[in-house]
Protein chains: 2
Amino acid sequence: MAGDQSGIHSGDGTVGKALDVLDRVAAFGRPVRFSELMAASPYPKATLFRLLQTLTSQGMLALDPERSSYAPGLRLVRLAHAAWRQASLAPIARPFLDALSAETGETVHLAQLDGAHVLYLDKRNARVPVDMFSQAGKVGPAHCTGVGKAMLAFLPEADLARLIPQMSFHRHTPATLATPATLRAELAEIRRTGHAFDREEHEPGIICVAAPILSSRGRVLGALSLTTATARSSLGALAARAPRLSETAAAIAAEAEAWQFPDDAGRRAAIGG
Amino acid sequence: MAGDQSGIHSGDGTVGKALDVLDRVAAFGRPVRFSELMAASPYPKATLFRLLQTLTSQGMLALDPERSSYAPGLRLVRLAHAAWRQASLAPIARPFLDALSAETGETVHLAQLDGAHVLYLDKRNARVPVDMFSQAGKVGPAHCTGVGKAMLAFLPEADLARLIPQMSFHRHTPATLATPATLRAELAEIRRTGHAFDREEHEPGIICVAAPILSSRGRVLGALSLTTATARSSLGALAARAPRLSETAAAIAAEAEAWQFPDDAGRRAAIGG
DNA sequence: GTATCTTGTTCCATTAAACGGAACCATGTT
DNA sequence: AACATGGTTCCGTTTAATGGAACAAGATAC
């Protein structure tokens with residue numbers, strides 16, 4: 001039924017397959033039985049079985065014996081702890097997001113580039129303090145989001161050239177920039193002004209202003225955005241926030257760089273008793 | 001220098017080794033260079049190199065080319081998203097923790113059993129709404145925490161017999177139950193009353209009451225606790241909260257079970273635009 | 001400016017592990 | 001009792017991982 005969703009995961013031997021299986025289990029979003037996975041994977045029965053067994057014994061998957069179904073394991077949660085802390089700007093940016101959110105009352109996003117997609121790392125919703133994990137880990141299109149365009153604009157040409165062919169250019173709304181040419185023109189403009197707008201390009205009625213987070217050497221680390229609805233605000237009002245946004249982005253970048261050179265600090269194992 | 005921290009990670013072949021390397025990278029808590037890992041791992045140079053290469057190409061690690069150092073990759077963050085949502089009770093329990101916290105003004109913990117250890121999944125600190133990730137993923141001893149004992153008490157005897165020998169029975173405070181016998185006596189009492197106390201067994205001056213989260217079939221899903229200090233409150237006052245705590249635990253269990261049988265709902269890929 | 005060291009990468013014959021077809025077992029069905 | 005269906009184990013074959021050693025590339029020392 002589900003069919004196998006992608007033969008794409010090329011294959012660094014056994015490890016690649018094991019991780020592919022892990023992804024497939026995670027993608028189900030619920031405990032999944034052997035036979036379901038079997039149907040959704042290209043692997044022969046015995047192989048899949050051994051792979052699952054290995055992952056389970058490693059704690060990457062958990063086997064519910066009552067229901068005889070697999071789910072992501074606790075080891076993954078422990079790893080997540082570590083990954084979240086370092087793999088991303090999230091922990092550094094957190095207080096800055098809080099401040100921006102309090103100050104503007106608007107929705108704040110933090111994102112990083114993951115291939116040709118945007119990976120949201122954190123979010124503040126002025127009103128309800130939204131569950132972080134409900135947002136973190138989400139992916140979205142790069143060509144029609146403020147954060148996406150802000151990051152693309154400051155990528156080296158070589159990277160950009162590699163990424164553009166991977167994009168869908170799906171026309172989410174009438175305003176979506178749906179060709180490489182229009183996107184590139186927009187990126188040039190963003191480079192000039194230093195910030196990007198989403199003019200209802202992703203969702204009707206939703207607009208945002210975004211700023212890239214750049215290292216001192218100009219490398220793209222991530223992006224920040226303020227989002228609102230046309231019903232409540234306007235592009236002009238958002239534009240007025242742009243300087244504050246860029247300033248915050250710069251502050252995050254500065255901290256991120258300081259953090260990279262502990263050179264001696266942070267020797268302790270990150271995993272407490 | 002660092003020496004290799006554990007030869008314990010038995011070894012399901014290649015996958016086991018790869019995951020072991022992943023753990024080691026994560027444990028550093030900062031970007032780490034090849035040679036540092038080399039020194040901290042039992043693997044020969046070429047092997048470690050290939051392992052790192054595989055993990056990197058799989059997106060589980062990210063290689064910063066400027067600094068030529070490895071850090072946990074974004075794929076791990078994406079997997080974390082999935083793991084957190086299903087592997088744990090956290091998303092389901094969240095609103096209940098909020099309610100308990102608001103109602104009691106005390107610290108609230110949510111934990112699951114991870115082998116013979118307690119894995120904290122979420123926490124509420126009445127005063128400052130604590131960064132979730134600063135707590136999630138932490139592990140602690142099972143024999144001298146409220147949540148630990150609450151869960152152990154309702155485990156099938158077979159599991160308990162397997163787990164007890166793995167415990168350290170380290171005497172954290174004078175009140176710590178430091179032998180299997182005293183622990184078992186306590187567990188019997190907990191089974192009788194339905195809730196567990198931590199009588200300064202883990203940290204002096206810190207007490208708590210905990211209730212197990214049990215499935216309708218009686219399987220241990222996790223535990224909930226209210227923690228306070230002897231300076232501010234007493235065991236008696238905590239005991240008065242026990243019924244409310246158990247009630248909440250039951251409510252979480254009910255939702256968790258409903259969640260297990262969507263059978264059709266939640267088909268969408270958790271990955272939004 | 002050459003020698004040397006430290007750090008990271010590639011080779012390749014050896015060895016070990018993954019593979020997968022098929023047989024098998026356990027439950028639940030007609 | 002015969003038969004699915006879903007899951008697990010066997011075992012000869014195939015493929016991939018291994019790791020010692022040689023090799024490149026910067027960084028330091030001389």
Side-chain angles (χ1 to χ4, degrees), chain A residues 1-4 7 9-25 28 30-58 60-71 73 217 260-261 263-264, chain B residues 1-4 7 9-25 28 30-58 60-71 73 158 217 260-261 263:
Chain A
M1 236 136 265
D4 75 333
H9 269 291
S10 44
D12 298 89
T14 317
V15 175
K17 282 172 214 167
L19 294 176
D20 175 49
V21 168
L22 196 56
D23 268 353
R24 286 171 196 273
V25 173
F28 268 83
R30 61 176 172 81
V32 66
R33 316 199 71 209
F34 180 89
S35 53
E36 298 180 281
L37 273 170
M38 180 73 213
S41 310
Y43 311 107
K45 227 206 278 198
T47 300
L48 180 62
F49 180 75
R50 241 174 319 98
L51 247 23
L52 287 171
Q53 206 168 248
T54 301
L55 287 170
T56 302
S57 109
Q58 289 292 327
M60 299 296 282
L61 289 179
L63 172 57
D64 178 341
E66 282 180 30
R67 194 169 275 97
S68 72
S69 59
Y70 296 88
R217 283 202 219 59
Q260 299 270 47
F261 303 100
D263 265 346
D264 135 276
Chain B
M1 252 183 206
D4 73 334
H9 270 292
S10 44
D12 298 89
T14 316
V15 175
K17 281 171 214 168
L19 294 176
D20 176 49
V21 169
L22 195 56
D23 268 353
R24 286 172 196 272
V25 173
F28 268 82
R30 61 177 171 81
V32 66
R33 313 197 81 210
F34 180 90
S35 52
E36 299 180 280
L37 272 170
M38 181 73 214
S41 310
Y43 311 106
K45 226 205 282 199
T47 300
L48 180 62
F49 180 76
R50 241 172 322 98
L51 247 22
L52 286 172
Q53 206 167 249
T54 301
L55 287 170
T56 302
S57 109
Q58 289 293 326
M60 299 296 282
L61 289 179
L63 172 57
D64 178 342
E66 282 179 30
R67 194 167 275 96
S68 74
S69 59
Y70 296 89
R217 282 203 220 59
Q260 300 268 46
F261 304 100
D263 266 348

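Here is the naming used below: chain letters follow the sequence lines, and residue numbers restart at 1 for every chain. Since this is a predicted model, take the numbers as computed values, not measurements.
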What distance separates [X] [atom1] from [Y] [atom2], expressed to the nearest 0.5 Å?
{"X": "A:Thr47", "Y": "A:Met38", "atom1": "OG1", "atom2": "CE", "result": "9.0 Å"}
{"X": "A:Arg24", "Y": "A:Leu52", "atom1": "CZ", "atom2": "CG", "result": "11.5 Å"}
{"X": "B:Met60", "Y": "B:Thr54", "atom1": "CE", "atom2": "OG1", "result": "12.0 Å"}
{"X": "B:Tyr70", "Y": "B:Thr56", "atom1": "OH", "atom2": "OG1", "result": "5.0 Å"}
{"X": "B:Arg50", "Y": "B:Leu55", "atom1": "CZ", "atom2": "CG", "result": "12.0 Å"}

TODO: Taking the side chain as every heavy atom from C-beta outward, state whether A:Val25 and A:Leu22 have any atom pair closer than 4.5 Å.
DONE: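 No, too far: nothing below the 4.5 Å cut-off.
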Open item on the list: Less than 4.5 Å apart, side chain to side chain, heavy atoms only: is that true for A:Phe34 and A:Lys45?
Closed with: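 The answer is yes, as the side chains (C-beta and beyond) meet within the 4.5 Å cut-off.
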Open item on the list: Under 4.0 Å from a heavy atom of chain A: give me the 5'-most and 3'-most nucleotides of DNA chain C that qualify.
Closed with: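 Terminal contacting nucleotides, 5' to 3': C:dA18 to C:dG21.
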TODO: List the protein contact pattern of nucleotides 7-26 of chain D with one symbol per nucleotide (5' to 3'): B for base contact, S for sugar-phosphate-only contact, - for none; contact means a heavy-atom distance under 4.0 Å.
DONE: BBB-------SBBB------
TODO: Using the side-chain contact (heavy atoms from CB on, under 4.5 Å) rule, take A:Tyr43 and A:Leu37 through it: C-alpha gap first, then chi angles, then the decisive distance, then the call.
DONE: CA-CA 9 Å; A:Tyr43 311 107; A:Leu37 273 170; over 6 Å; no
Between the protein and nucleotides 3-5 of chain D, which nitrogen or oxygen pairs are less than 3.5 angstrom apart?
none

Task: Heavy-atom pair of closest approach, residues B:Val15 and A:Ala18 - done: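 In terms of heavy atoms, the two residues are closest at CG2-CB, 3.8 Å.
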TODO: Provide the closest heavy-atom pair for B:Pro31 versus B:Ala71 in the form atom of the first, atom of the second, distance.
DONE: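 Taking every non-hydrogen atom into account, CA-CB, 4.4 Å.
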